[in-house]
*Asks:* 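Structure below; questions to follow.
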Amino acid sequence: MAIFVEMEKYDYEQVLFCQDKNSGLKAIIALHDTTLGPALGGTRMWTYATEEAAVEDALRLAKGMTYKNAAAGLDLGGGKTVIIGDPRKDKNPELFRAFGRYIQSLNGRYITAEDVGTTVEDMDLIHLETDYVTGISPEFGSSGNPSPVTAYGVYMGMKAAAKEAFGSDSLEGKTVAVQGVGNVAYSLCEHLYKEGAKIIVTDINEQAVKRAAEAFKATAIDPDDIYDVDCDIYAPCALGATINDETIHRIKAKVIAGSANNQLKLPKHGDMLHEKGIVYAPDYIINAGGVINVADELNGYNRNRVMKKVEIIYHNINRIFEISKKSDIPTYVAADRMAEERIASVRASRNQFLTNGHHALSRRK
Ligand SMILES: NC(=O)C1=CN([C@@H]2O[C@H](COP(=O)(O)OP(=O)(O)OC[C@H]3O[C@@H](n4cnc5c(N)ncnc54)[C@H](O)[C@@H]3O)[C@@H](O)[C@H]2O)C=CC1
Ligand SMILES: CC(C)CC(=O)C(=O)O
């Protein structure tokens with residue numbers, strides 16, 4: 001990969017490669033755009049097939065955070081980290097502390113939190129080295145694991161998408177096929193189960209499937225069968241790019257609404273969903289609950305306030321559908337438009353001359 005070509009193509013601000021021989025840390029922090037404020041986005045730990053795949057993931061995820069934070073109305077930019085390694089085998093306290101020092105070196109330009117493969121305990125280790133970390137243990141006045149709040153937002157967004165597709169936002173009796181029953185999806189299933197949805201689950205981790213199948217009377221299926229199953233709603237809640245050339249013609253659902261980041265492998269897959277009349281709730285709109293939750297820590301955390309704020313996802317998803325219908329554009333394009341307009345308006349107003357402490361002229365006596 002020609003890294004500067006890639007950075008220029010999507011206008012990335014900065015990419016930081018971090019290594020610590022002692023602990024085995026190999027991390028990539030990607031900062032996409034800080035027009036709206038410091039970049040906030042989680043840290044993913046994953047076994048990547050190649051270093052190039054890790055860089056690509058960090059870049060895609062960071063750009064997604066810029067759009068997610070902008071569309072959610074947060075005064076935050078977009079960034080993300082990937083740590084190369086197996087979260088079950090390669091973690092050690094020194095690794096997260098070394099990573100925490102790298103975050104501290106960015107002096108507030110980047111704030112992290114959990115993502116796939118990282119936990120509240122990992123964030124607590126990072127916190128030993130820097131304050132620029134959220135989702136740490138509640139005893140520090142923090143919000144802990146963001147996943148239940150992400151799940152609540154996905155549930156709200158799924159209801160809005162159901163209303164669009166079926167004329168009612170009730171999920172009672174609807175069949176929802178959930179791919180990946182990790183932190184977010186387990187909590188999502190709790191909401192679905194309470195509302196009387198029929199749940200189908202799959203995961204590459206057999207224990208995770210068993211736990212969800214037992215708790216929610218869900219039907220367990222093999223990972224590859226999720227695309228062929230008869231269902232009303234497909235909820236991708238594992239990794240990205242599951243809507244692709246191989247899967248798109250197999251999906252029978254009328255609605256796609258799930259927590260995974262970067263669900264569309266390529267933009268053309270969003271166009272294809274639009275042509276097929278499948279109601280797609282754009283990933284970074286529907287899964288913004290987690291970041292709304294951790295962002296609240298920056299002002300002194302209040303759970304009740306957060307749960308109210310997260311309900312905005314229902315309205316944001318509706319707004320996307322309205323823009324999509326009015327302009328006859330795919331929903332992912334409508335979402336991009338909403339986010340880009342907010343960033344552009346802030347960027348334009350920042351072009352005004354400001355005599356603040358950062359401007360050379362303000363130091364003149
Ligand atoms: N945790 C959060 O608050 C947020 C998470 N997300 C996104 O939601 C998704 C899920 O996140 P978490 O629940 O936190 O992660 P997790 O790691 O707890 O759960 C992911 C699950 O997907 C399973 N999985 C991986 N590949 C699979 C495959 N090919 N087929 C079936 N299952 C597979 C894993 O075994 C795991 O159980 C990720 O894409 C994440 O980036 C987005 C916003 C916030
Ligand atoms: C803090 C996380 C929940 C934010 C993030 O990385 C995401 O929304 O993907």
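Numbering of ligands and ligand atoms starts at 1, following listing order.
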*Asks:* Before you tell me yes or no, could you show the steps for Tyr152 and His191 under ring pair (Phe, Tyr, Trp, His ring centres under 6.0 Å), namely the whole-Å CA-CA distance, both residues' side-chain angles and the distance that decides it to 0.1 Å?
*Replies:* CA-CA 8 Å; Tyr152 183 59; His191 293 291; 5.6 Å; yes
*Asks:* Looking just at side-chain N and O atoms, do Thr134 and Glu297 make a donor-acceptor pair shorter than 3.5 Å?
*Replies:* no
*Asks:* Give the C-alpha distance, both sets of side-chain angles, the deciding distance and a yes or no for side-chain contact (heavy atoms from CB on, under 4.5 Å) between Asp224 and Arg250.
*Replies:* CA-CA 11 Å; Asp224 193 51; Arg250 294 162 59 189; 3.3 Å; yes
*Asks:* Judged by modelled atom types alone, do Thr50 and Glu52 share a side-chain donor-acceptor pair under 3.5 Å?
*Replies:* no
*Asks:* Test Phe166 against Ile233 for side-chain contact (heavy atoms from CB on, under 4.5 Å), laying out the working first.
*Replies:* CA-CA 11 Å; Phe166 310 117; Ile233 301 170; 4.3 Å; yes
*Asks:* List every atom of ligand 2 that sits less than 4.0 Å from any heavy atom of Gly290, numbering the atoms from 1 in the order shown and giving each element.
*Replies:* 3 (C)
*Asks:* Would you tell me whether Lys163 and Tyr314 have side-chain atoms, one donor and one acceptor, within less than 3.5 Å of each other?
*Replies:* no
*Asks:* Counting only heavy atoms, tell me which of Arg44, Lys80, Glu114 gets closest to atom 2 (C) of ligand 2.
*Replies:* Glu114
*Asks:* Is it the case that the side chains of Asp124 and Ser137 hold a donor-acceptor pair, with the cut-off being a distance below 3.5 Å and no angle test?
*Replies:* yes
*Asks:* From Leu125 CG over to Leu95 CG, what is the distance, rounded to the nearest 0.5 angstrom?
*Replies:* 9.5 Å
*Asks:* Which atoms of ligand 2 are found less than 4.0 Å from any heavy atom of Met65?
*Replies:* 4 (C), 5 (C), 6 (O), 7 (C), 8 (O), 9 (O)
*Asks:* Using a strict cut-off of 4.0 Å, indicate which atoms of ligand 2 neighbour a heavy atom of Val294.
*Replies:* 1 (C)
*Asks:* Can a donor-acceptor pair be found between the side chains of Asp57 and Tyr48 at a distance below 3.5 Å?
*Replies:* yes
*Asks:* Near Lys68, which atoms of ligand 2 are under 4.0 Å from a heavy atom of that residue?
*Replies:* 7 (C), 8 (O), 9 (O)
*Asks:* Indicate whether any N or O donor in one side chain lies under 3.5 Å from an N or O acceptor in the other, for Ser259 and Thr150.
*Replies:* no
*Asks:* Go through ligand 2 atom by atom and flag the ones less than 4.0 Å from a non-hydrogen atom of Asn261.
*Replies:* 9 (O)
*Asks:* Run the numbers for me: atoms of ligand 2, each under 4.0 Å from some heavy atom of Ala113, listed by number.
*Replies:* 1 (C)
*Asks:* Can you sort out which atoms of ligand 2 are near Gly41, meaning under 4.0 Å from one of its heavy atoms?
*Replies:* 6 (O)
*Asks:* Please tabulate, line by line, the atom pairs linking an N/O of ligand 1 to a protein N/O at a distance below 3.5 Å, with the distance in Å to 0.1, or answer 'none'.
*Replies:*
| from | atom 1 | to | atom 2 | distance (Å) |
| --- | --- | --- | --- | --- |
| ligand 1 | 1 (N) | Ser147 | OG | 3.2 |
| ligand 1 | 3 (O) | Thr150 | OG1 | 2.7 |
| ligand 1 | 8 (O) | Ser259 | O | 3.2 |
| ligand 1 | 8 (O) | Ser259 | OG | 3.0 |
| ligand 1 | 13 (O) | Asn183 | N | 3.2 |
| ligand 1 | 13 (O) | Val184 | N | 2.9 |
| ligand 1 | 18 (O) | Asn183 | N | 2.9 |
| ligand 1 | 18 (O) | Asn183 | ND2 | 3.1 |
| ligand 1 | 32 (N) | Ile204 | N | 3.4 |
| ligand 1 | 35 (O) | Asp203 | OD1 | 2.6 |
| ligand 1 | 37 (O) | Asp203 | OD1 | 3.3 |
| ligand 1 | 37 (O) | Asp203 | OD2 | 2.7 |
| ligand 1 | 39 (O) | Ala238 | O | 2.7 |
| ligand 1 | 39 (O) | Asn261 | N | 3.3 |
| ligand 1 | 41 (O) | Arg44 | NH2 | 2.9 |
| ligand 1 | 41 (O) | Asp115 | OD1 | 2.8 |
| ligand 1 | 41 (O) | Asn261 | ND2 | 2.8 |

